[in-house]
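Let me begin by presenting the structure, written as structure tokens, before commenting on it.
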Amino acid sequence: MSEEFTARNALEAQGKFNPSVVAAMVNGKLMDLLTPIPSDATVTAVRDDEPAALEVIRHSTAHVMADAVQKLFPGTQVTIGPAIEDGFYYDFSRPDGKQFTDEDLQKIEEKMLEIVASDQPFRREIKSRDEVRQLFESMGEKFKLEIIDKATGDLSLYRHGDWVDFCSGPHVPSTRFLRAVKLTHVAGAYWRGDERNPQLQRIYGTAFASPKALREHMAALEEAKKRDHRKLGKELDLIAFHPLAPASPFFLPRGTKVYNALVQYVRGLYDKVGYDEVITPQIFDTELFLTSGHLPGYEENMFLAATSETIEKGAAAIAKNPSNDPKVIEQHMRDHMRFGVKPMNCPGHALLFGMTRRSYRELPYRMADFGRLHRFERSGVVQGLTRVRTFAQDDAHIFCTLDQIKDEIAQFLDLVYDVYRDFGFSDVRVVVATRPEVRLGTDEMWDKSEGVLIDAVKAKGLPLNIAEGEGAFYGAKIEFHLKDALKRSWQLGTMQVDFTLPDRFDLNYVGEDNTEHRPVMLHRAILGSVERFYGVLLEHVGGSFPTWLAPEQVALLTVSEKFNDFALEAKAELEAHGIRVMTDLSGDKLGAKIRKARMLRVPYLGVIGQKEVETRGLSVRSRDEDKDLGFIPLADVISRVTAEALPLSQRKS
RNA sequence: GCUGGCGUAGCUCAAUGGUAGAGCACCCGCUUUGUAAGCGGGUGGUUGCGGGUUCGAUUCCCAUCGCCAGCUCCA
């Protein structure tokens with residue numbers, strides 16, 4: 001084995017090397033062309049038009065960007081610069097602590113193009129820890145030193161031109177491969193992702209193998225923006241926001257129809273699989289949340305409620321024991337905030353379960369609740385419908401025995417997948433989230449709850465992702481993630497195994513043996529937050545809700561006002577069959593009415609003129625088939641629309 | 001919460017250190033209409049809110065609220 005033997009040598013020997021090769025797969029591992037490899041390794045070429053090349057191109061582009069930044073902004077320290085799903089970023093620490101401006105990005109991009117054009121080869125060097133430390137110490141790269149001190153294995157440097165980074169690679173052979181580069185935006189980011197650490201200046205960019213691929217990517221981004229539920233929600237008169245209720249959506253009449261259809265759909269499922277719906281209080285004595293552990297554990301996310309009376313009592317208490325210590329005053333105020341607005345339904349459900357003596361015959365007891373929840377989310381995290389401060393979940397808590405857990409999870413997984421299929425979601429990622437650092441309960445409980453969830457996912461044959469330490473404070477979770485139009489992933493459904501709350505609330509049921517036993521509590525939601533699901537669904541369908549969810553299923557459009565009487569007659573008849581109908585009886589011309597109804601994405605347009613009145617029917621135009629279906633008698637319109645007014649899983653045939 | 005950007009009519013957007021304009025929507029009139037915008041007229045804004053600089057601020061500065069992107073945090 002020669003030290004100098006590289007993937008490039010191997011490919012040349014195979015006759016597979018040409019200028020479009022950017023990297024190589026060596027024994028199944030992505031490597032750059034100039035790293036020494038065993039002479040008997042299996043080597044295949046990775047050309048610049050292959051997906052695997054993108055990561056290499058982007059990470060190399062990050063190096064070039066850092067080079068450009070340090071040339072333009074001397075004294076700026078580098079940190080890390082990985083390739084990410086749609087591009088790359090690099091985090092910098094500027095001596096002046098300032099953020100880069102859009103003009104800076106422009107300059108950096110220009111400088112990068114110079115570096116690219118100068119065709120600098122990337123070179124890899126293996127160095128001893130001392131040499132590497134010394135090098136970066138001399139450059140004043142304090143963040144890099146931290147990374148170096150944590151690194152194990154071979155310490156490699158990559159150079160292009162006169163710029164060097166501590167990096168494991170791989171990289172493209174030369175900067176000339178980086179010919180489709182775009183810096184997109186800047187943002188702050190915390191060192192090592194911890195908000196207690198100093199904030200760094202992050203520059204995001206993207207890079208592709210060809211200018212054409214870059215253009216296509218930018219065009220796709222534009223398209224995605226058009227699907228943004230905040231934009232569609234406004235355009236389609238579904239939702240609105242007001243500064244006086246930040247992060248709290250108003251559902252307009254059209255939007256409310258869809259919202260209610262979603263809830264009604266889930267209710268229908270509950271009837272089939274044995275859930276009992278309940279309605280529970282909004283505001284509880286804070287003692288409830290002390291028992292559940294939400295206080296103080298979840299306090300920063302809770303709205304606490306005062307009344308005039310509690311404020312007076314609090315003030316009196318402070319007057320009685322005057323203090324200048326803010327902490328003391330704070331404690332008085334806290335003591336007199338007697339009420340908390342529920343951020344979750346579980347404590348209320350635990351109370352409800354515990355109100356009467358329960359028999360094992362009642363289990364599993366599936367308690368469903370669409371109650372409104374309020375959580376105080378920090379101002380920077382709220383977003384459209386996907387992260388709000390008030391929302392409802394299709395929430396339920398299943399009280400069951402240890403033995404019943406397995407079947408309940410299996411039933412739930414089936415239910416979730418049926419539901420996602422009904423909405424046309426196929427790209428669902430399943431994650432099991434394990435015990436967080438701050439948690440209730442014993443390690444034994446956690447072992448049990450994590451185990452049972454992992455087993456259930458495996459039993460269903462689903463690909464398993466583990467999110468270490470991401471569980472709820474009371475139990476491990478299965479999470480179902482879906483992506484929005486901008487490829488941001490959101491957790492929707494969830495199932496959590498909870499051995500803790502039943503303990504804290506001292507919940508019991510009488511077993512077959514006539515002694516008391518502790519039930520297990522399963523927290524679960526299919527849609528998750530109805531609001532979030534709504535937002536993701538709106539983007540998924542691009543505003544065109546399927547007939548069973550659409551705010552209006554049929555729009556009746558008259559050719560002239562002479563035919564309005566029949567339109568109202570037809571409306572009444574369709575509505576008598578449960579069809580949601582809108583009419584446009586205005587003086588507009590037909591073309592304008594069609595345009596308006598199409599922009600509202602109504603699934604069926606029914607045109608009414610002389611002919612239709614005479615023969616009691618509609619000239620129907622279908623949104624989804626995007627064509628004129630011609631004349632259809634009213635009775636046939638009714639049967640067609642009602643057939644479509646059900647989700648797939650509930651249709652006959 | 002942090003970093004950066006943004007905030008002009010119901011919506012989408014112009015404009016300027018010298019007291020704001022278009023299209024759509026809305027209202028009125030004409031037109032009575034056959035598959036994506038018929039014609040004409042009109043209403044509508046203390047330029048998010050509060051302060052400052054200035055002879056004068058919507059424009060410049062500060063503060064605040066909201067929105068957007070990212071970070072952190074989460075359904």
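A, B, ... follow the sequence lines: proteins, then strands. Residue 1 opens every chain.
- The nucleotide B:U12 finds its pairing partner in B:A22, both defining distances of the Watson-Crick or G-U wobble pair being shorter than 3.5 Å.
- Relative ring orientation between A:Phe143 and A:Trp191 is described as perpendicular, the plane-to-plane angle rising above 60° on a 0-90° scale split at 30° and 60°.
- Between A:Glu450 and A:Arg435, some side-chain heavy-atom pair lies under the 4.5 Å cut-off.
- Between A:Glu235 and A:Met599 there is no side-chain heavy-atom pair separated by less than 4.5 Å.
- Closest approach to the A:Arg488 side chain among B:A25, B:G66, B:A69 is made by B:A69 (side chain taken as heavy atoms from C-beta onward).
- Across all strands shown, B:C30 forms a Watson-Crick or G-U wobble pair with B:G38, both key distances being under 3.5 Å.
- Taking the nucleotide of RNA chain B with the nearest heavy atom to each of A:Glu531 and A:Arg202, the more 5' of the two is matched to A:Arg202.
- Residue-to-nucleotide contacts include no donor-acceptor pair under 3.5 Å from the side chain of A:Gln99 to the base of B:G70.
- In this structure, the side chains of A:Phe73 and A:Lys98 stay at 4.5 Å or more apart for every pair of heavy atoms.
- Contact of A:Ser619 with B:G34 (side chain to base): a donor-acceptor pair of N or O atoms is detected under 3.5 Å.
- The side chain of A:Pro246 has B:C67 as its nearest neighbour among B:A36, B:U33, B:C67.
- Both thresholds, 5.5 Å between centres and 30° between ring planes, are met by A:Phe391 relative to the base of B:A75, so the two rings are stacked.
- Taking a pair to require two hydrogen-bonding distances under 3.5 Å in either a Watson-Crick or a G-U wobble arrangement, B:U53 remains unpaired.
- In the interface, the side chain of A:Arg378 is paired with the base of B:U72 through a donor and an acceptor atom under 3.5 Å apart.
- Contact between the side-chain N/O atoms of A:Thr494 and the OP1/OP2 oxygens of B:A75 is not found at any separation under 4.0 Å.
- Side-chain atoms of A:Gln496 and base atoms of B:A75 include no donor and acceptor less than 3.5 Å apart.
- Counting only heavy atoms from C-beta on, A:Arg375 has its side chain closest to B:A75 among B:U33, B:C73, B:A75.
- Residue A:Arg94 places none of its side-chain N or O atoms closer than 4.0 Å to OP1 or OP2 of B:G4.
- When heavy atoms are screened at a 4.0 angstrom cut-off, A:Lys477 is found touching the sugar-phosphate backbone but no base atom.
- Remark: B:U3 base-pairs with B:A69. Criterion, Watson-Crick or G-U wobble with two distances under 3.5 Å.
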